[in-house]
Amino acid sequence: MSKMQQRPDSLSIPADPISPIPPSPDTHSQTGSLRPESLLHNQDKKPPLPKIVQVGDPVLHEPAQEVEPGEIRSDRIQKIIDDMIKVMREAPGVGLAAPQIGIPLQIIVLEDTKEYISYHQEDAIKAQDRCPFDLLVILNPKLEKKGNRTALFFEGCLRRSVDGFGAVVERHLQVEVTGLDRDGKPVKVDASGWQARILQHECDHLDGTIYVDKMVPRTFRTAQNSNQPLAFGCPKLGVR
């Protein structure tokens with residue numbers, strides 16, 4: 001899930017560009033020959049992170065598979081989790097599901113920070129009931145909606161999934177999510193407000209559902225038009 005409305009002129013585009021990777025030190029001698037240590041450096045070069053897949057890829061539209069509990073602490077699953085965290089933070093976003101990087105497994109990661117929230121206006125933060133929370137990793141999550149109260153707000157997807165767009169989605173205000181943490185231990189999260197929205201958004205990904213499948217009709221728009229009024233007849237934003 002993208003960091004929505006971070007700047008007054010932004011709907012779902014990350015607030016700040018990703019910092020460029022600093023150039024590597026000069027690896028050539030004055031004669032132009034390659035230094036031995038540079039060969040070592042190239043051998044130790046880390047592989048690139050997985051890319052975020054685009055809407056239309058079948059992995060985004062089909063249910064993900066549960067992770068076998070006995071496999072959770074394996075190197076393969078732990079690497080997937082580590083990669084997901086890095087991809088989410090580099091995007092940057094507040095949540096990511098494994099299908100978004102092309103892996104059809106029931107794994108979600110999410111976190112919201114004071115920095116992300118600071119990009120919003122105070123009235124928006126209050127209306128969305130948005131508070132920072134530490135990193136959560138949940139495998140095989142089961143989401144239960146609590147109560148009947150819902151809220152309508154814009155949301156979007158991490159860049160390249162549904163890049164540069166957003167729409168109004170109605171979500172429950174309170175949810176309970178149970179599952180397993182990255183050590184295979186049971187975890188339960190009682191969430192409200194914006195955290196509940198993030199959890200619903202990411203758990204939808206595991207069911208093969210993206211936010212446009214649930215959007216309020218006639219609210220889909222580009223980031224450039226994020227401040228335009230909603231069409232006549234559309235419900236007002238906020239808690240219902």
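The model shown is predicted, which means the values in this text are computed figures rather than measured ones.
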N/O donor-acceptor pairs under 3.5 Å from side chains in residues 178-185, not counting sequence neighbours:
| residue | atom | partner | partner atom | Å |
| --- | --- | --- | --- | --- |
| D181 | OD1 | D183 | N | 2.8 |
| D181 | OD1 | G184 | N | 3.0 |
| D181 | OD1 | K185 | N | 2.8 |
| R182 | NE | Q78 | OE1 | 2.9 |
| R182 | NH1 | D82 | OD1 | 3.2 |
| R182 | NH2 | Q78 | OE1 | 2.7 |
| R182 | NH2 | D82 | OD1 | 2.9 |

Say you draw a straight line from [atom1] of [X] to [atom2] of [Y]; how long is it, rounded to the nearest 0.5 Å?
X    : Y    : atom1 : atom2 : answer
D204 : Y211 : CG    : OH    : 13.0 Å
D213 : D207 : CG    : CG    : 11.0 Å
L110 : I138 : CG    : CD1   : 6.0 Å
D112 : C131 : CG    : SG    : 9.0 Å
I80  : I103 : CD1   : CD1   : 4.0 Å
I52  : L96  : CD1   : CG    : 6.5 Å

Those residues at least two apart in sequence (or on a different chain) that pass ring-ring contact (aromatic ring centres under 6.0 Å, His included) with F220 are F165

For [X] and [Y], work out which heavy atoms get closest and say how close.
X    : Y    : value
L199 : A191 : CD1-CB, 3.6 Å
I77  : L139 : CG2-CD2, 4.0 Å
V177 : P141 : CG1-CB, 3.8 Å
T219 : V168 : OG1-N, 3.0 Å
P50  : V87  : O-CG2, 3.6 Å
R89  : P92  : O-CB, 3.3 Å

Run the side-chain contact (heavy atoms from CB on, under 4.5 Å) test against [X] and tell me which residues pass, sequence neighbours left out.
X    : value
Q200 : L143, K145, R171, H172, V175, A196
K86  : L49
P132 : K114, I117
Q228 : R221, N225

Quick check against the 3.5 Å criterion: does [X] have a side-chain atom that pairs as donor or acceptor with the backbone of [Y]?
X    : Y    : result
D190 : E176 : no
R197 : V169 : yes
E202 : I108 : no

For residues 56-105, which residue pairs pass the ring pair (Phe, Tyr, Trp, His ring centres under 6.0 Å) check, not counting sequence neighbours?
none

Any pair with a residue in residues 71-109 that passes ring pair (Phe, Tyr, Trp, His ring centres under 6.0 Å), sequence neighbours left out, goes on the list, sorted by first then second residue, please.
none

If you look only at pairs with a residue in residues 57-77, which of them pass as a salt bridge (Lys or Arg N to Asp or Glu O under 4.0 Å), with sequence neighbours excluded?
E66-K142

Verdict with reasoning, V94 to Y116, per side chain to side chain contact (heavy atoms under 4.5 Å, CB included):
CA-CA 8 Å; V94 294; Y116 294 171; 3.6 Å; yes

Would you say the side chain of [Y] lies within less than 4.5 Å of the side chain of [X], judging by non-hydrogen atoms?
X    : Y    : answer
V59  : P104 : yes
M84  : I101 : yes
Q195 : R130 : no

Could you go through Q65 and Q106, starting from their C-alpha distance and side-chain angles, then the distance that decides it, and tell me whether this counts as side chain to side chain contact (heavy atoms under 4.5 Å, CB included)?
CA-CA 6 Å; Q65 302 171 359; Q106 293 186 17; 5.9 Å; no

Could you go through residues 229-237 and list every donor-acceptor pair under 3.5 Å that involves a side-chain atom there, pairing it with any protein atom two or more places apart or in another chain?
none

Any chance you could lay out the side chain to side chain contact (heavy atoms under 4.5 Å, CB included) test for D134 and E111, step after step, and finish with the verdict?
CA-CA 5 Å; D134 293 334; E111 71 177 345; over 6 Å; no

List for me each residue that meets side chain to side chain donor-acceptor pair (under 3.5 Å) alongside Q174, sequence neighbours excluded, and say none if there are none.
none

Go through the structure and list residues passing salt bridge (charged side-chain N to carboxylate O under 4.0 Å, His left out) with R149, not counting sequence neighbours.
none

Please lay out, stage by stage, how Q100 and C157 fare under the test side chain to side chain contact (heavy atoms under 4.5 Å, CB included).
CA-CA 10 Å; Q100 289 181 274; C157 233; 3.8 Å; yes

